[in-house]
Amino acid sequence: MGVAASRIAVDDARLDLATVEGERFGVVVGSAFGGLQTLETQIQSMNEKGPGAVSPFAVPMLLSNLISGVIALENGAKGTLSSTLPPSLPPSLPPSLPQPVP
């Protein structure tokens, strides 16, 4: 979905990638998290079936900055490459803050 969104963004901006200097073109992608469900599933598989049950794709699926690299390669971006993640929440939030819905 990230690659598709980048294509839409380039089209919406009417950006002609053939005229853009790669060194002046970067990619920054924001993500809510880096595959927490994948991490949980893979840990459960390892605990139940052993290390051989862990998918060889587990690490790439956990890398939150992987999509930034793919988008950069597809578009010829050679400038800044980054991804942003929100800071981790403490295990228990103070009562004054909105509480997550279980």
Side-chain angles (χ1 to χ4, degrees):
M1 289 193 327
V3 172
S6 73
R7 289 177 183 157
I8 292 168
V10 167
D11 289 344
D12 284 352
R14 293 182 176 90
L15 187 60
D16 181 4
L17 295 176
T19 63
V20 176
E21 295 177 48
E23 292 77 16
R24 296 177 53 96
F25 181 32
V27 177
V28 178
V29 175
S31 175
F33 51 77
L36 295 178
Q37 185 175 7
T38 299
L39 177 62
E40 181 180 10
T41 303
Q42 295 304 308
I43 289 173
Q44 186 175 11
S45 292
M46 185 177 71
N47 289 339
E48 293 173 0
K49 303 173 189 170
V54 175
S55 169
F57 301 107
V59 172
M61 290 188 292
L62 292 169
L63 298 175
S64 63
N65 64 341
L66 188 63
I67 193 63
S68 298
V70 172
I71 292 168
L73 287 171
E74 181 171 290
N75 293 294
K78 297 176 184 175
T80 298
L81 174 63
S82 181
S83 62
T84 61
L85 295 169
S88 298
L89 295 174
S92 61
L93 296 172
S96 60
L97 294 176
Q99 301 296 308
V101 177

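- Hydrophobic clustering of Ile, Leu, Val, Met, Phe, Trp and Tyr side chains at less than 4.5 Å, counting indirect connections, keeps Leu39 apart from Val54.
- Phe25 and Ile71 are not part of a single hydrophobic cluster, where members link through side-chain heavy atoms under 4.5 Å apart.
- Between Ala58 and Gln42, the shortest heavy-atom contact is CB-CG, 3.8 Å.
- Between Ser45 and Ala53 the shortest heavy-atom distance is O-CB, 3.9 Å.
- No path of Ile, Leu, Val, Met, Phe, Trp and Tyr side chains, each step under 4.5 Å between heavy atoms, connects Val28 with Val10, placing them in separate hydrophobic clusters.
- Annotation for Gly2 and Ile67: closest pair CA-CG1, 4.0 Å, computed over non-hydrogen atoms.
- Under the side chain to side chain contact (heavy atoms under 4.5 Å, CB included) test applied with Asn75, the options Leu17, Leu15, Val27, Val70 reduce to a single match, Leu17.
- Considering OG1 of Thr41 and CE of Met46, their distance stands at 13.0 Å, rounded to 0.5 Å.
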